Amino acid sequence: MNIMVCVKQIPDTSEVKIDPETNTIVREGVPSVINPADEHAIEAAVHLVEEHGGKVTVMTMGPPQAEDVLRQGLAMGADEAILVSDRCFAASDTLATSYVLANAITHNNNFDLVLTGKQALDGDTAQVPPGIAEHLGIPQVTSAIGIEVEEDRLRVKRLLEEEFETVEVPMPVLISCSSQINEPRRPGIKAKLMAKRKEIKVWDHHSIEVESCLCGIEGSPTRVVRVFAPTFETDGERFEGEASDCALAVVNRLVESKII
Amino acid sequence: MALRVEDNKCIGCEVCVHACPYQAIEMVDERATLNEACILCGACAYACPTGAIVLDRGDSDVDITQYEGIWVVGEVTSEGTMAMVTAELIGEGGRLAAEIDTDLSVVLMGDDIRHTAEQAAGYGADRVFVVDHPALARYRTEPFTRVMADLIEEHKPEIVLAGATSMGRDLAARLAARLKVGMTADCIELRIDPETRMLEQTRPAFGGNLLATILCEQTRPQMASVRPNTMGLPSFDESREAEVIEVPVEIEEGSITTKILEVVRDESRSARKLVEADIIVGGGRGFADKQQLSLLDELAEQLGAAVGFSRALVDQGWVSSTQQIGQSGKIVHPKLYIACGISGAIQHVAGITGSDCIVAINKDPDAPIFEVAHYGVVGDVAQVLPAMTEAIKARRGE
Amino acid sequence: MDFSLTEDQTMIVDLVKQIGEDVLAPQASEIAERGEFPEENIELLREMDLFGIPVPEEYGGLDMGFLTWGLVGELLSYYCSTTGSIFGAHMLAQYPIMAHGTDEQKQKYLVPMTTGEHIGAFGLTEPNAGSDAGAVSTKAELRGDRYALNGTKVFISNAGPAQTYVILANLDPEKGTRGLTAFIVEKGTPGFEFGKDEKKMGWDALPNCELIFRDCEVPVENVLYRPGRGFRVAMDTLGVGRLGMAVGAVGLAQAAFDAAILYAQQREQFGKKIAEFQAIQFKLADMATEIELSRLMYQKAAWLKDEDEAFEKEAAMAKVYSSEMVSRVTSEAVQIHGGVGYTREFPVERYMREAKLFEIVEGTSEIQRGIIANRLLRENRI
């Protein structure tokens, strides 16, 4: 089984700070990490190959530093890594990103399965996996919490709002993995040192034959026009008196501030 | 594509400098000047009060004036009724439609679901497309995308809204890629500019640290998925009527590659992992006995929340240490933390300060937990918790 | 002089920080409280390949030297002192085989200790022989192609869970240190049993067990180095052991300091944070200064060791200073916490109890000073 795993490097959102003056993200000093759900996708891929044979290739689109997340994939047991990187890919939205990744996947010849994390923690859109599947013209199964091989088909268990759904799909297929699917292995130092020395392929827009007008800002129909910090009552609001009145008041506040 | 500053219009107000997410604008001789960090995102052009910054995106192939009307992608529950998230979207879509003087349509897809059209009408839809076919009995990406794409291509709505549910997010993302249009996921606020008819879509980003407003200027329809329970339910009036259009479709089951084998109800919502939970309800010494902890479970059930405890309860042996929150337990950072009967010992507080919002309920008005709480209720958990559970139930219209 | 880490060192340090924060730290207090050997943590170190840091690659190690080993040991002790000590005590069996073993001995015993499949323990101390190695009364007697061991060892770290033991016994008590011989003894060898596990002031999860040898027969090929040359083996091992003690002390002290400086900025008295009082500030400044000094001392000693230079004096200096430092620092950390520092709600009281051990094991402070003075007088002989 040939498995492509698409991963993303994101700023560690737990470390993100907002500059109160400019309302922008303070990027300096914020560590970059692999998107947590993507680790589960890598684990799922490596596990499938351990059980059924084949090859795992990790791929990411991003700046040269995104190589770090590929090394992490290699340390976890992926066989190959590809960095899709080009200045003209910068600021791609989900449509442009899925276009680029789909082309890179096809460029890397045959695949049976594309695995991704369910969503990236920074953008939180969950749009790229279905976008890739659409560009590749293959079926998609999102929010997977279990994958089993059934001859030439896969049985995938999905987590929905209040139900578990099991579906059967033929390959090739794209599956986005929810974090409940497995516990990603923690590579030891030997695997990490080995991954550090492995070669990583770097592809730009020429090598994967994409049109530059369909990627980056030009290929992105959405545009972020304003970024601002949500506001909370810092002093804290206090309710005293009849329990039912207080409870209602708090619930109303939470609803007004869109927390629930 | 290009971004230019018209010097004669620039008044040196620096609004653009603050609006730029990439620190790409500097003031040179009191005029805005773009540096090499600019990626042509256009946030400055949007913010500029004098129209001095112009984003020239070139000509669009799409004639956006051909598109009209607001659509909602409906959802039908497994019980065969229209989902509440759809009602919410009808309310929100109707409000937007009124601002630009157009119609609100709902598309309902399923098997034997004609009766749901009345529900959609009652909540305020002007028009309902009913697509009834056995192959649509449960949501699957392939047939639903095909049906929606065909309908959109035929009727050309200017806005399509879906719920940010597992179905809505799966479908809308696939659909947007097929139609090659812009799409904004998980919006918590929508506004429309009555002149440009542009949908301003606001959503959280960077783990909720920021909110971003997004436009899809040149592609139609403008697509957005909307987070459930953020818009409020519209009133229901069964005397309202809508134009109901039955859409005949031909779908061969054999042509759909995805087969659904099994569906099982998930009974373990509140047992979700603490560290991953968006909402956590925490319990402490304020509970009289172990049995009373069920009040926490009931609230958690309503919120889809995980349940954790302070060290006091772990030490008492009421609960397992895997559920302990605090410096010596798990450090959590949910969107909402509700501290119930927790006094706020430093070691507990150290484990929860990463929460976006903290609600504290405690009998003691001087409990230190109130110092870190965004909302505090002085009262006994035995009374406040059931009241909150009820209030949320009522809000959700269940 | 260069204090920057190599890329590989940074990688290993980051990895240990990650497992420390994710796994070790959250359970450290519970492990100490429960008093059971933390098998899951050992399994984690095994999976992370952390048991062979200074071991040559041909025996499955990383060949990254004792400085890297020290950096890792410090962090392990910082996050979970028990795990740090097991890691340190393991080296006491691993190092003598690595330094003095034959290729066969290394293949058979060093390799599984390097993968972490086997844990090691070092048995020198006896009821009447601690600091005075020449007084070892466990006897070894040659019987054909085997040595029979008879005697009792006490306070042996890792004893019980460990599979591989390096045991010091005397061929001829008359000869004192010249009769001392090091043996590799496997757990389960007939005649080798465990006595009582000591109840201690702290470190409940670290086994410190009696080893009882009754006609325990060990094949001659399990003699390390040469018969009668065990004193050399013991001294070399204790050199590394002292380094390990300094490393552990620094890690524990840093944990106490971090707890104290956090608390000082949270706790309010007289309307302000106690960190704003100069009395507290001076304490914090002194604690941090002493920790930094101790860290530099162990790193210098480890660097000398990696350069194949004599390091015994520096290791002894690092050990004696750090072990006394950690008692002072942990005690001050409790003091800064005030009343709650004395409760088991906070970890600093445990740190204080644990700290005292560093002044006692691997040679008391008095013995260390003796070693240092000895070396100094030899270096400055007139």
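All chains are named by letter (A, B, ...) in the order of the sequence lines, taking the proteins before the strands, and each is independently numbered beginning at 1. Given the structure is predicted, the values throughout are model-derived calculations rather than measurements.
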Using a 3.5 Å cut-off and no angle test, enumerate the donor-acceptor pairs between side-chain atoms of residues 169-177 of chain A and protein atoms at least two apart in sequence or in another chain.
| unit_1 | atom_1 | unit_2 | atom_2 | d |
| --- | --- | --- | --- | --- |
| A:Ser176 | OG | A:Ser143 | N | 3.1 |

Structural part of B:Pro386 lying under 4.5 Å from a heavy atom of chain A: neither
B:Arg203 and B:Cys187 have their tightest heavy-atom pair at CB-CA, 4.0 Å
Nearest 0.5 Å please: distance from the CG atom of B:Leu299 over to the OG1 atom of B:Thr389. 4.5 Å
Within the distance-only criterion (no hydrogens, no angle test), does the side chain of B:Asp193 pair as donor or acceptor with the backbone N or O of B:Met198 below 3.5 angstrom? no
Please determine, among B:Thr165, B:Asp170, B:Val263, the option with the most heavy-atom pairs under 4.5 Å with chain A. B:Asp170
May I ask you to name which of B:Glu142, B:Gln383, B:Glu189, B:Met183 has the most heavy-atom pairs under 4.5 Å with chain A? B:Met183
Which residue out of A:Gly219, A:Cys213, A:Gly216, A:Ala133 racks up the most heavy-atom pairs below 4.5 Å with chain B? A:Ala133
Across all chains, not counting sequence neighbours, the salt bridge (charged side-chain N to carboxylate O under 4.0 Å, His left out) partners of A:Glu134 are B:Arg174, B:Arg178
When rounded to the nearest 0.5 angstrom, what distance separates CD1 in A:Ile138 from OG1 in B:Thr257? 10.0 Å
Is A:Val251 close to chain B through its backbone or its side chain, or both, or neither, when contacts mean heavy atoms under 4.5 Å? side chain
Quick check on A:Thr142 against chain B: is it the side chain, the backbone, both or neither that has a heavy atom closer than 4.5 Å? both
Backbone N/O of B:Leu171 and side chain of B:Tyr139: donor-acceptor pair under 3.5 Å: yes
Count the heavy-atom pairs under 4.5 Å between each of B:Leu215, B:Leu336, B:Ile361, B:Asp278 and chain A, then report the option with the highest count. B:Leu215
Return the option, out of A:Glu240, A:Gln140, A:Gln119, A:Glu165, with the maximum number of heavy-atom pairs under 4.5 Å with chain B. A:Gln140
Toward chain A, the part of B:Ala176 with a non-hydrogen atom under 4.5 Å: backbone
Spacing of CD1 belonging to A:Ile147 relative to CG belonging to A:Leu115, to within rounding of 0.5 Å: 5.0 Å
Among A:Asp245, A:Leu214, A:Leu95, which has the most heavy-atom pairs under 4.5 Å with chain B? A:Leu95
Quick one: what part of B:Ser225 sits under 4.5 Å from any heavy atom of chain A, side chain, backbone, both or neither? neither
Between B:Val181 and chain A, with a heavy-atom cut-off of 4.5 Å, which part of the residue counts as in contact: side chain, backbone, both or neither? backbone
Of the listed residues (A:Ala91, A:Ala126, A:Pro130, A:Ser98), which shares the most heavy-atom pairs with chain B below a 4.5 Å separation? A:Pro130
B:Leu303 CG to B:Ile338 CD1 distance, which is reported to the nearest 0.5 Å: 5.0 Å
Sort B:Thr258 into side chain, backbone, both or neither according to what part of it lies under 4.5 angstrom from a heavy atom of chain A. both
Let's test your reading of the structure: which of A:Leu248, A:Ile260, A:Asp93 forms the most heavy-atom pairs below 4.5 Å with chain B? A:Ile260
Write down the atom of B:Arg138, the atom of B:Ile260, and the distance for their closest heavy-atom approach. CB-CD1, 3.6 Å
OG of A:Ser179 to CG of A:Asn35, rounded to nearest 0.5 Å, is 10.0 Å
Just give me the residue among B:Ile279, B:Ile358, B:Ile214 that pairs up with chain A most often, heavy atom to heavy atom, under 4.5 Å. B:Ile214
Region of A:Leu154 that comes under 4.5 Å of a non-hydrogen atom in chain B: neither
